[in-house]
Amino acid sequence: MRIVLLGSPGSGKGTQASRIIGKYNIPHISTGDIFRDNIKRQTSIGLEAKKFIDKGHLVPDDLTLKIIEDRFIQPDCAEGFLLDGFPRTIVQAEALELELQKNVKKLDAVVNLDVHDEAIISRMTGRRVCSKCGATYNLTFNKPTVDNICDKCGGALLIREDDKLETVTNRLKVYKTETQPLIDFYKQKGILITVNGELDAEVVFQNICNALEQF
Ligand code: AP5
Ligand code: MG
Ligand code: ZN
């Protein structure tokens, strides 16, 4: 199975990704997570990407395509993958298509999580992420059992650097101009599934599974 998760920042891509990969047994590829890992390790890619991420801008296509190409050559991608946060521009979507064509492969489905801006803002300001395992929580919708401690691994929960209100507003703006055109791009290819991302996360997951099975 080759799936893309599309949706505005904070629409729940990461939350759904962790459920979907468990069910379909495919690797989770989040370009945002790869960039954050590079930033943490202070690699040259991380240092370059940070300049854009901290402002809420997209990282340039050439750098993003480089990390994706490096990830695709890993053996675990041979039978499928779940892309989270990639592609985010038409240039990236076309590059992905070429890359898949080279290996006579194609995407099975693109899942678009539909969430209004007001819901996004309250989600992002309440988001907490585990510093050790990356699990995502929310102070309103999905609280950890003990304040600031990850239920899964006991790691400390942190606020993501780009979840400040001003940066979130910018990310939403960038999403509308750069990424939203992908909805039509994939609709025209007949592989777009849109689900209401404002329902309870478990219900959203069930709706995604039902849609994928009917596909
Ligand atoms: P990235 O890490 O991909 O961030 P994003 O797309 O902005 O999305 P988020 O990770 O913020 O949200 P999400 O949709 O995963 O939602 P989550 O599940 O966490 O990218 C970060 C940056 O890296 C970009 O801004 C860009 O600079 C750069 N970048 C990455 N990829 C790139 C690319 N391809 N090209 C160029 N640049 C790139 O949920 C959010 C919150 O809501 C959580 O608190 C969660 O608990 C809660 N929540 C989730 N679902 C529900 C629900 N159903 N109900 C209530 N609350 C919910
Ligand atoms: Mg995410
Ligand atoms: Zn953890």
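Each ligand, and each atom within it, is numbered from 1 in the order the structure gives.
- Remark: side-chain polar atoms of Lys13 are paired, donor with acceptor, to backbone N or O of Ser8 under 3.5 angstrom.
- Within a 6.0 Å sphere centred on CD of Gln42, heavy atoms belonging to other residues, nucleotides or ligands number 12 at most.
- Each of the atoms 4 (O), 5 (P), 7 (O), 8 (O), 9 (P), 11 (O), 25 (O) of ligand 1 lies under 4.0 Å from some heavy atom of Arg171.
- Using a 4.5 Å cut-off between side-chain heavy atoms of Ile, Leu, Val, Met, Phe, Trp and Tyr, with links allowed through other members, Ile208 and Phe86 fall into the same hydrophobic cluster.
- Judged by the shortest distance from any of its heavy atoms, Leu199 lies inside the 4.0 Å radius around the atoms of ligand 1.
- The closest approach between any non-hydrogen atom of Gly126 and ligand 1 is not below 4.0 Å.
- In this structure, Tyr137 is part of the shell of residues with a heavy atom less than 4.0 angstrom from ligand 1.
- Classification of Asp163 and Arg123 as a salt-bridged pair fails, no side-chain N sitting under 4.0 Å from a carboxylate O.
- Remark: Lys50 is not positioned above the aromatic ring of Phe52, lacking an NZ or CZ atom under 6.0 angstrom from the ring centre and at most 45 degrees off the axis.
- By the 3.5 Å distance cut-off applied to N or O atoms, Asp84 is not counted among the residues near ligand 1.
- Which of Arg160, Arg123, Glu161 comes nearest to atom 54 (N) of ligand 1 through a heavy atom is settled by distance: it is Arg123.
- Note on ligand 1: Ser30 sits outside its first shell, no heavy atom being nearer than 4.0 Å.
- Using a non-hydrogen distance threshold of 4.0 Å, Arg36 registers as a contact of ligand 1.
- Considering backbone and side-chain N/O atoms, Val204 never comes within less than 3.5 Å of an N/O atom of ligand 1.
- Under the 3.5 Å distance criterion, the side-chain polar atoms of Glu198 are left unmatched by any main-chain donor or acceptor of Ala119.
- If you number the atoms of ligand 1 from 1 as listed, the ones under 4.0 Å from a heavy atom of Gly14 come out as 13 (P), 15 (O), 18 (O).
- Between Glu202 and Arg19 there is a salt bridge, since a side-chain N of the basic residue sits under 4.0 Å from a carboxylate O of the acidic one.
- Considering each of Lys13, Lys50, Arg88, Gln92, the one bringing a non-hydrogen atom nearest atom 3 (O) of ligand 1 is Arg88.
- On a distance-only criterion, Phe86 and ligand 1 share no N/O pair closer than 3.5 Å.
- With distances taken over non-hydrogen atoms, the option nearest atom 36 (C) of ligand 1 out of Val115, Asn142, Val59, Leu6 is Val59.
- Residue Gly197 places a heavy atom under 4.0 Å from ligand 1.
- Rounding to 10 degrees gives 110° for the angle at the Zn ion (ligand 3) between SG of Cys130 and SG of Cys150.
- Looking only at protein heavy atoms, the nearest one to atom 46 (O) of ligand 1 is Asn138 CB, 3.4 Å.
- Of all atoms in ligand 1, listed by their number and element, those nearer than 4.0 Å to a heavy atom of Ala201 are 53 (N).
- Nearest-residue assignment for atom 55 (C) of ligand 1 (options Phe205, Phe141, Phe52, Tyr175; heavy-atom criterion): Phe141.
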